[in-house]
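Here the structure is a predicted model, which means the values were calculated and not measured.
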Amino acid sequence: MEQPIFSTRAHVFQIDPNTKKNWVPTSKHAVTVSYFYDSTRNVYRIISLDGSKAIINSTITPNMTFTKTSQKFGQWADSRANTVYGLGFSSEHHLSKFAEKFQEFKEAARLAKEKSQEKMELTSTPSQESAGGDLQSPLTPESINGTDDERTPDVTQNSESRAEPTQNALPFSHSSAISKHWEAELATLKGNNAKLTAALLESTANVKQWKQQLAAYQEEAERLHKRVTELECVSSQANAVHTQKTELNQTIQELEETLKVKEEEIERLKQEIDNARELQEQRDSLTQKLQEVEIRNKDLEGQLSDLEQRLEKSQNEQEAFRNNLKTLLEILDGKIFELTELRDNLAKLLECS
């Protein structure tokens, strides 16, 4: 099981494989670069992920050297990966700290290698001869860079009060509520998708590791079968041969059980991958529905704007009609007053005559 023991942030580069001179950036921005320790194999590794892509996966060996080429830049060559890695730090302090850790873990790797060689010289059992293989433990983006928070755009709403009929406002508010609902669903699916992507990466690494282990177990089983045959033919000590045969058969049985467990685990991981694909399809479907709702919102906003303009025009026309009516009333009042005066004059003339 690998655990991160030191982490920092830096811009990652690799040497151009064609020219072997120019640096090629492998990350668009500063990413987390971590030292990992595998306690089962007693090795140290430098690992960095850019999203879900591993841009550094370098096992530290005693013959590696980390070189500071400037105040904020350092590099080291990895013969296994057949490349040269470069790191650009934000300060000289971060570069110095990374270089100190590199030297420390390089020394630890050297001591571990010496101990391993001494142990191999002292012991030569079949299990130790067949053990090994540089199988790397799977890593997830969460263990290196942490879980990236999924961010979804905020849904903005116009909160200004409008003097408009209630029946015209209902479709717009209802559509906004639907849009909020689908936005929340999309955010949840994005979070689940990030987790499933990490699980897929881990599952893929596990499948590859277990396939290698299966091949190793099969080779070991074949070797043990041959060993049993040789012992049955050559050995003159029947009891010793029988004991060794029993032990080897037991070992073969254990290996077969382990193979069976690994095969079941592979089937389970395949099922998880299928489930992840189904969730991805659901996410795409919800995204399409959200786009349709947004288009409908735009149409409703256009209709609402048109209704507002028509309402404003109607109000202006009513106001003009009121003004004209008021003017007519004033004229009518004047005419009535004139008629009243005329009537009074006519009455006076009649009385005089």
Just by distance, do the side chain of [X] and the backbone of [Y] share a donor-acceptor pair under 3.5 Å?
X      : Y      : answer
Thr32  : Arg9   : no
Ser285 : Glu281 : no
Ser27  : Val12  : yes
Ser305 : Glu301 : no
Ser48  : Ile56  : no
Asp306 : Gly302 : no
Thr287 : Arg283 : yes

For [X] against [Y], the heavy-atom pair lying closest together:
X      : Y     : value
Thr26  : Asp50 : O-OD2, 3.9 Å
Lys106 : Thr65 : NZ-OG1, 3.9 Å
Asn57  : Tyr85 : N-OH, 4.0 Å
Val84  : Trp23 : O-CZ3, 3.6 Å
Thr8   : His94 : OG1-CD2, 3.8 Å
Phe73  : Gly86 : CZ-CA, 3.7 Å

So, are [X] and [Y] salt-bridged, with charged N and O less than 4.0 Å apart?
X      : Y      : answer
Arg110 : Glu114 : yes
Glu257 : Lys260 : no
Glu292 : Arg296 : no

Between [X] and [Y], is any pair of side-chain heavy atoms under 4.5 Å apart?
X      : Y      : answer
Leu259 : Lys262 : no
Arg277 : Asp274 : yes
Glu100 : Lys97  : yes
Lys313 : Glu317 : yes
Asn42  : Tyr37  : yes
Leu95  : Gln71  : no
Thr83  : Ile15  : yes
Ser91  : Phe89  : no

Look at atom [atom1] of [X] and say whether more than 12 heavy atoms of other residues, nucleotides or ligands are closer to it than 6.0 Å.
X      : atom1 : result
Glu294 : CD    : yes
Gln288 : CD    : no
Lys21  : NZ    : no

Report the distance from atom [atom1] of [X] to atom [atom2] of [Y], rounding to the nearest 0.5 Å.
X      : Y      : atom1 : atom2 : value
Leu332 : Thr327 : CG    : OG1   : 12.5 Å
Leu196 : Leu201 : CG    : CG    : 11.0 Å
Gln282 : Gln280 : CD    : CD    : 10.5 Å
Asp16  : Lys20  : CG    : NZ    : 8.5 Å
Asp78  : Ser58  : CG    : OG    : 3.5 Å
Asn324 : Lys326 : CG    : NZ    : 12.0 Å

If two hydrophobic side chains count as joined below 4.5 Å and joins carry through other members, does [X] share a cluster with [Y]?
X      : Y      : result
Phe13  : Trp76  : no
Leu200 : Leu269 : no
Ile5   : Met64  : yes
Ile273 : Ile266 : no
Phe36  : Leu111 : no

Under the side-chain contact (heavy atoms from CB on, under 4.5 Å) criterion, do Glu267 and Lys270 qualify, and how do the steps go? CA-CA 5 Å; Glu267 290 297 327; Lys270 288 180 179 179; 4.1 Å; yes
Apply the test side-chain contact (heavy atoms from CB on, under 4.5 Å) to residues Lys289 and Val293: give CA-CA distance (whole Å), side-chain angles for both, the deciding distance (0.1 Å), then the verdict. CA-CA 6 Å; Lys289 290 180 180 179; Val293 170; 5.5 Å; no
As a quick check of understanding, evaluate side-chain contact (heavy atoms from CB on, under 4.5 Å) for Ile60 and Ile46, giving each step before the final call. CA-CA 7 Å; Ile60 299 176; Ile46 303 174; 3.9 Å; yes
Stepwise, does the side-chain contact (heavy atoms from CB on, under 4.5 Å) test hold for Ile295 with Lys298? CA-CA 5 Å; Ile295 293 172; Lys298 290 181 180 178; 5.6 Å; no
Are the aromatic rings of Phe98 and Phe66 close, with centres under 6.0 Å apart? yes
Would you please indicate yes or no on a ring centroid separation below 6.0 angstrom for Phe105 and Phe6? no
Will you find, in the side chains of Asp38 and Tyr44, an N or O donor that is under 3.5 Å from an N or O acceptor? no
Classify the side-chain pair Arg45/Thr59 by whether it contains a donor and acceptor separated by less than 3.5 Å. no
Mind checking what makes side chain to side chain donor-acceptor pair (under 3.5 Å) contact with Lys68, not counting sequence neighbours? Ser96
